[in-house]
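Quick one: the structure is below, and I'll ask about it shortly.
Note that the structure is a prediction, hence the values are computed from the model and not measured.
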Amino acid sequence: MYMREVDDPVIIQYIILFTLTKANRKVTHSQLTCLTLDACNINFTNFQIALDNLVQIDYIKKLTNELDEKMPIYQLTEKGEQANGFFEHSIPIYIREQIEEHIEPYFEQERLKKSVKAKLAPINDREYNVECALYESISPLMEMTFYAGPRDVAAQMIRTFKSKPDVVYKKILNALLDETHENEK
């Protein structure tokens, strides 16, 4: 992260436009804040003022989030894209590079968080199930419930599934396919 505080309101606006251009998608306020503030040292109030100004001058469109009305979604307008093309090089290269390097891993991490779900489901005071799900986009690849017994075993199953969902998925798939192929012989 660039340590010196960026406090020039115009540069902050350019940084926001650049971030939205590189994200190349609609982003929530939270995502835009993380993408921008994690890559450069900008005071949140200055960031918010710059963002509001960009919405006012129609460089960015503020949309209502259907899932959470309190969390707006932002999208670059055509006017904002043109402005970014013109002003992008006014942003110091070390800030642009930080943002570019941060965007792809950020969205990949967000995608993974949404694609892997595991939760504890109590049966009674001493027994638990673990509900695991793996998604590709919004389509389920796997949804299963496992009996875990005690809470500590259930917690370990959740940790394992969340840390290695691809390994668990492959092993279950292989087990299912091996069984199928054995019956064909």
Q: Taking side chain to side chain donor-acceptor pair (under 3.5 Å) as the test, write out the residues that go with D8, two or more places apart.
A: none
Q: Output all residues satisfying side chain to side chain contact (heavy atoms under 4.5 Å, CB included) with P92, sequence neighbours left out; order by chain, then residue number.
A: Y94, I95
Can you list, pair by pair, the side-chain donor-acceptor contacts under 3.5 Å of residues 140-149, counting residues two or more places apart and other chains?
residue: E143; atom: OE2; partner: Y135; partner atom: OH; Å: 2.9
residue: Y147; atom: OH; partner: E127; partner atom: OE2; Å: 2.6

Q: Can you sort out the partners of Y106 under side chain to side chain donor-acceptor pair (under 3.5 Å), two or more places apart, ordered by chain and number?
A: E110
Q: Might you point out which heavy atoms bring L120 and A154 nearest each other, and give the distance in Å?
A: CD1-CB, 3.2 Å
**Q.** Closest non-hydrogen atom pair between Q31 and K26, with its separation
**A.** OE1-O, 4.4 Å
Q.
Go through it in stages, so that I can follow the logic: the residues are F47 and T33, the test is side-chain contact (heavy atoms from CB on, under 4.5 Å), and I'd like the CA-CA distance, side-chain angles, deciding distance and then a yes or no.
A. CA-CA 8 Å; F47 167 80; T33 302; 3.5 Å; yes
Q: Verify whether one side chain among Q48 and D52 offers a donor that lies under 3.5 Å from an acceptor in the other.
A: yes
Residues 161-172, side-chain donor-acceptor partners within the protein, below 3.5 Å, at least two apart:
residue: S163; atom: OG; partner: R159; partner atom: O; Å: 3.0
residue: S163; atom: OG; partner: T160; partner atom: O; Å: 3.3

Distance-only criterion, 3.5 Å: show the donor-acceptor pairs between side-chain atoms of residues 13-23 and protein atoms not counting sequence neighbours.
residue: Q13; atom: OE1; partner: N53; partner atom: ND2; Å: 3.0
residue: T19; atom: OG1; partner: I15; partner atom: O; Å: 2.8
residue: T21; atom: OG1; partner: L17; partner atom: O; Å: 2.9
residue: T21; atom: OG1; partner: N84; partner atom: ND2; Å: 3.2
residue: K22; atom: NZ; partner: E100; partner atom: OE2; Å: 3.4

Q: Name all pairs fulfilling the salt bridge (charged side-chain N to carboxylate O under 4.0 Å, His left out) condition that reach into residues 72-82, sequence neighbours left out, sorted by first residue then second.
A: none
**Q.** From CA spacing to verdict: side-chain contact (heavy atoms from CB on, under 4.5 Å), V27, F107
**A.** CA-CA 10 Å; V27 296; F107 282 117; 3.7 Å; yes
**Q.** E97 versus H102, side-chain donor and acceptor atoms under 3.5 Å
**A.** no
Q) Sequence neighbours excluded, which residues qualify as side chain to side chain contact (heavy atoms under 4.5 Å, CB included) partners of T45? A) N43, I49
Q) Other than I73, what residues sit in its cluster of Ile, Leu, Val, Met, Phe, Trp and Tyr side chains whose heavy atoms are under 4.5 Å apart, directly or through others? A) L63
Q. To which residues is M71 joined in a hydrophobic cluster, defined by side-chain heavy-atom contacts under 4.5 Å among Ile, Leu, Val, Met, Phe, Trp and Tyr, whether direct or through other members?
A. none
